[in-house]
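Let me begin by presenting the structure, written as structure tokens, before commenting on it.
One-based numbering along the sequence shown. If you're wondering where the values come from, they're calculated on a predicted model, not measured in any experiment.
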Amino acid sequence: MNWQEKIKERIKKEQSEATALLQEWVREASVQGAEKSIQEKISSYLADMGLQVDLWIMEGEELTRHPYFVSPRSTFEESPNVVGVWKGSGGGRSMILNGHVDVVPAGDRTQWDHDPFSGEIIDGKLYGRGATDMKGGNLAALLAIKVLQGLGVRLKGDVIYQSVVEEESGGAGTLAAILRGYKADAAIVPEPSNMKIFPKQQGSMWFRLTVKGRAAHGGTRYEGVSAIEKSLQVVQAVGRLEKERNDRITDPLYEKLPIPVPINIGVIEGGKWPSMVADLVKLEGRMGVAPGEDMEQAKREMEQALKQLAEEDPWFAENPVELEWFGARWVPGAVEEDHPLMALLKQTYAAVMGESPVIEASPWGTDGGLLTKLADTPAIVIGPGVTKVAHYPNEYIPLENVFQCAEIFALTLLEWCGIDEEAAAR
């Protein structure tokens with residue numbers, strides 16, 4: 001029996017327990033600020049597996065003053081990070097398996113067919129907030145380690161399992177792990193990719209635009225200047241910028257995405273009274289950043305697009321749009337397609353799935369960009385989750401994909417980290 005057959009058989013034996021564990025994780029409502037319970041459980045589980053466990057609260061100026069640090073909160077007392085290291089015997093390549101436990105809020109519960117944190121299983125799909133994004137991927141990574149341990153494997157290289165917080169707000173958890181010294185020769189981030197391989201991940205930044213007008217009575221609105229009407233011109237300018245930025249993207253990994261790096265206006269607030277000309281409008285949005293693109297350059301392009309409004313309307317010359325960068329930010333990441341981990345993932349994917357993988361660029365940001373850029377740890381995204389249900393009501397994950405990913409990850413770890421045959425013989 002070869003290694004793949006052994007791994008497949010072992011996964012079958014572990015499926016029931018692994019499914020129950022994933023249900024337990026999904027039943028933890030680990031929204032931002034409430035991750036402590038699940039992290040302590042994961043910490044104990046990793047310790048029982050014999051991993052070297054590091055459970056800590058993120059703090060300190062090295063983190064909070066770092067240029068890549070973003071967070072809507074100042075304390076992480078209820079949101080510890082967890083890292084478990086499966087030490088290798090030496091001489092092999094190391095691997096980080098990075099996933100986050102923070103989940104977005106459930107939203108309107110009347111839109112859910114079941115309790116958002118039920119972990120209900122129907123027709124092979126496990127339902128609940130965080131099932132796809134990304135506790136299912138975390139479970140697949142953990143199961144890969146457990147299966148290899150159960151087969152008596154000793155790897156040469158270290159495997160570093162990271163269960164981090166704060167990804168949904170910009171990656172402070174992974175940043176803290178990097179600053180704590182956790183780096184490796186490569187990383188896999190099992191975010192929901194529909195089983196596609198994403199060697200490149202889009203980055204993004206949140207922005208706020210303040211558009212000024214001049215108040216007047218609604219009955220003589222012609223004596224005022226409507227900030228609402230002016231904001232429409234601003235939205236059009238942003239749309240033109242989006243088109244310009246995307247027209248120059250020729251990367252074939254983006255050919256299936258209608259808009260590779262969108263600029264989305266997600267919030268509009270303005271006006272205070274129906275019978276009054278609005279004198280202020282606030283727009284908030286998200287600007288996509290292409291892999292390999294400098295984030296500061298992307299900011300400058302937005303600034304320039306807004307300045308050009310003065311050329312078409314004198315109002316903006318005297319009342320320029322105010323631009324503020326705030327809140328969440330995800331660093332873009334890119335790994336070349338000839339990287340050895342890419343070749344290996346293609347190979348192990350084909351062995352498990354019986355077909356070649358789909359290779360694309362991700363339409364959203366992940367913590368992979370931080371690992372690639374800041375930790376010098378090339379990160380590739382592949383995970384079992386369903387992209388189109390992440391952050392939606394009735395979020396679910398197909399359990400079959402979880403176990404398929406676990407098999408892919410286990411085979412990848414064997415080859416990447418190397419098997420210590422002598423240790424196994426002992």
Determine, for [X] against [Y], whether the closest basic-nitrogen to carboxylate-oxygen distance falls under 4.0 angstrom.
| X | Y | answer |
| --- | --- | --- |
| E303 | R300 | no |
| K212 | E322 | yes |
| K299 | E296 | yes |

Using modelled atom types and a 3.5 Å cut-off, is there a donor and acceptor pairing between side-chain atoms of [X] and backbone atoms of [Y]?
| X | Y | result |
| --- | --- | --- |
| S169 | A328 | no |
| N98 | V189 | no |
| R245 | G288 | yes |
| S30 | V101 | yes |
| Y68 | G170 | no |
| S94 | G157 | no |
| R286 | N264 | no |
| T372 | A334 | no |
| Q4 | A351 | yes |

Under a plain distance cut-off of 3.5 Å, with no hydrogens placed, do [Y] and [X] share a side-chain donor-acceptor pair?
| X | Y | result |
| --- | --- | --- |
| E166 | S71 | yes |
| S79 | R73 | yes |
| T387 | K196 | no |
| Q39 | S163 | yes |

More than 12 heavy atoms from other groups under 6.0 Å of NZ on K307: no
Residue pair L341 / P378, side-chain heavy-atom distance below 4.5 Å: no
Heavy-atom closest pair, residues W206 and W330: NE1-CZ3, 3.9 Å
Taking every non-hydrogen atom, the tightest pair across L148 and A410: CD1-O, 3.9 Å
Ring geometry between Y127 and H114 (parallel below 30°, tilted from 30 to 60°, perpendicular above 60°): tilted
Nearest-0.5 Å distance, CG of residue L283 to CD of residue E269: 9.5 Å
Derivation and outcome, salt bridge (Lys or Arg N to Asp or Glu O under 4.0 Å), residues E9 and K12: CA-CA 5 Å; E9 284 299 311; K12 287 180 181 178; 3.8 Å; yes
Donor-acceptor list for residues 389-406 side chains, cut-off 3.5 Å, not counting sequence neighbours:
| residue | atom | partner | partner atom | Å |
| --- | --- | --- | --- | --- |
| H391 | NE2 | D133 | OD2 | 3.0 |
| H391 | NE2 | E168 | OE1 | 3.4 |
| H391 | NE2 | E168 | OE2 | 3.4 |
| N394 | OD1 | D113 | N | 2.7 |
| N394 | ND2 | Q111 | O | 3.4 |
| E395 | OE1 | R129 | NH1 | 2.6 |
| E395 | OE1 | G130 | N | 3.1 |
| E395 | OE2 | G130 | N | 3.2 |
| E395 | OE2 | A131 | N | 3.3 |
| E395 | OE2 | T132 | N | 2.9 |
| E395 | OE2 | D133 | N | 2.9 |
| E400 | OE2 | Q404 | NE2 | 3.4 |
| N401 | ND2 | Q404 | OE1 | 2.8 |

Listed partners of T110 passing side-chain hydrogen bond (donor to acceptor under 3.5 Å, both in side chains), at least two apart: D108
T210: partners by side-chain hydrogen bond (donor to acceptor under 3.5 Å, both in side chains), with sequence neighbours left out: none
Test applied, side-chain contact (heavy atoms from CB on, under 4.5 Å); reference residue, I380; option that passes from I197, I188, L344: I197
